[in-house]
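Scroll down for the structure; my scribbles are underneath it.
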Amino acid sequence: MSTFDDADRDPEGRGTVVPDGAGPAGGPASVGGDGHTGGHADGEGRDDLRGVARRVALEAEVERLRDEVGQLQRAIESRAVIDQARGMVMVMCRCTPHSAWDVLVEVSQRTNTKLRTVAGSLVATTDGSTRMPRELSTALAEALRRRRGHRTHRQR
């Protein structure tokens, strides 16, 4: 929880948040007879605490944003491989993009393997020298068989 009032504004009038319990050793801030915290009568100690609190908050935000950017970069990279695998499934069982997605998700869930790993394994087979791991290959064959049977049943 943070406190904030007009006394917590910097000279330019911008708001500054001072965390509760920002005093020495994590305890409450001490307030002198002049109404200022810390050991300086001119409020220097309070300004230092605000600066530290501001820096800590900014560093935490920067770290959070770095993590988010990393996750988004991995998602973009995975997306291309997943889309390629989906295209391969669409050709293999002559199905819609949605059905191909369902096949990949089914393989992922049945083998407890991340979808991007399933997709990467399938796409890697295009060079002719790489094989999918047996568990993934078996699960994919079963999912394709079910999808074909489902399509054949619906066409009747």
Side-chain angles (χ1 to χ4, degrees), residues 1-29 46-156:
M1 188 74 183
S2 298
T3 57
F4 184 84
D5 60 32
D6 288 337
D8 293 328
R9 294 192 182 276
D10 66 12
E12 288 82 31
R14 296 180 301 229
T16 304
V17 177
V18 179
D20 288 338
R46 187 173 188 159
D47 289 343
D48 289 346
L49 284 175
R50 282 191 210 126
V52 168
R54 199 175 307 135
R55 273 192 306 279
V56 168
L58 286 174
E59 288 171 3
E61 179 68 3
V62 167
E63 187 60 30
R64 185 191 68 76
L65 290 171
R66 280 188 181 131
D67 289 345
E68 186 175 334
V69 166
Q71 290 173 2
L72 290 171
Q73 287 173 331
R74 285 187 296 280
I76 288 169
E77 292 165 5
S78 296
R79 182 62 187 238
V81 172
I82 291 169
D83 284 345
Q84 290 172 1
R86 191 162 56 163
M88 292 173 71
V89 171
M90 289 168 60
V91 169
M92 285 188 269
C93 71
R94 296 183 185 150
C95 63
T96 65
H98 181 76
S99 292
W101 173 264
D102 289 344
V103 166
L104 292 173
V105 168
E106 180 181 335
V107 172
S108 171
Q109 290 175 345
R110 286 186 179 272
T111 62
N112 196 27
T113 306
K114 290 191 177 291
L115 183 65
R116 68 175 173 260
T117 303
V118 171
S121 293
L122 179 58
V123 170
T125 65
T126 59
D127 69 4
S129 65
T130 305
R131 291 179 158 235
M132 286 183 79
R134 184 178 307 275
E135 181 183 25
L136 295 180
S137 178
T138 301
L140 178 61
E142 290 171 1
L144 290 173
R145 207 171 11 258
R146 274 191 292 282
R147 183 63 52 189
R148 287 183 191 121
H150 178 70
R151 189 184 70 228
T152 304
H153 184 271
R154 288 179 62 199
Q155 289 176 347
R156 289 182 191 177

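For reference, positions follow the sequence shown, starting with 1. For clarity, every value in this text was computed on a predicted model and none was experimentally measured.
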With A85 via side chain to side chain contact (heavy atoms under 4.5 Å, CB included) - residues at least two apart: L104, A119, L122, V123

Which residues share a side-chain hydrogen bond (donor to acceptor under 3.5 Å, both in side chains) with T111, sequence neighbours left out: T113

Side chain to side chain contact (heavy atoms under 4.5 Å, CB included) involving T126 - partner list, sequence neighbours excluded: M88

Residue pair R46, R50: steps toward the side chain to side chain contact (heavy atoms under 4.5 Å, CB included) verdict: CA-CA 6 Å; R46 187 173 188 159; R50 282 191 210 126; 2.9 Å; yes

Nearest heavy atoms of M132 and S121, plus distance in Å: CG-O, 3.6 Å

Partner residues of V56 under the side chain to side chain contact (heavy atoms under 4.5 Å, CB included) criterion, sequence neighbours left out: V52

Interatomic spacing from OG in S99 to CG in L144 - rounded to 0.5 Å: 11.0 Å

Within residues 118-130 or reaching into it, pairs that qualify as salt bridge (charged side-chain N to carboxylate O under 4.0 Å, His left out) - sequence neighbours excluded: none

Intermediate values then yes/no, side chain to side chain contact (heavy atoms under 4.5 Å, CB included), V89 and W101: CA-CA 8 Å; V89 171; W101 173 264; over 6 Å; no

Residue pairs, two or more places apart or on separate chains, that pass side chain to side chain donor-acceptor pair (under 3.5 Å) and touch residues 80-93: R79-D83, D83-R86

Residue pairs passing the salt bridge (charged side-chain N to carboxylate O under 4.0 Å, His left out) test where at least one lies in residues 97-117, sequence neighbours excluded: E106-R110, E106-R146

Sequence neighbours excluded - salt bridge (charged side-chain N to carboxylate O under 4.0 Å, His left out) pairs with any residue from residues 130-144: none

Rounded distance (nearest 0.5 Å) linking atom OG1 of T125 with atom CG of L136: 11.0 Å

Partners meeting side-chain hydrogen bond (donor to acceptor under 3.5 Å, both in side chains) with S108 (sequence neighbours left out): none

Minimum-distance pair of heavy atoms, taken over all atoms of A124 and T130: O-CB, 3.3 Å

For residues 65-78, dump all side-chain donor-acceptor pairs below 3.5 Å to protein atoms at least two apart in sequence or in another chain.
from: E68; atom 1: OE1; to: R64; atom 2: NH1; distance (Å): 3.0
from: R74; atom 1: NH1; to: G70; atom 2: O; distance (Å): 3.3
from: S78; atom 1: OG; to: R74; atom 2: O; distance (Å): 2.9

Closest approach of V107 to A143 (non-hydrogen atoms, all atoms of both residues): CG2-CB, 4.1 Å

Residue list, side-chain hydrogen bond (donor to acceptor under 3.5 Å, both in side chains) with T138, at least two apart or on another chain: none

Side chain to side chain contact (heavy atoms under 4.5 Å, CB included) evaluation trace for T96 with M90: CA-CA 6 Å; T96 65; M90 289 168 60; over 6 Å; no

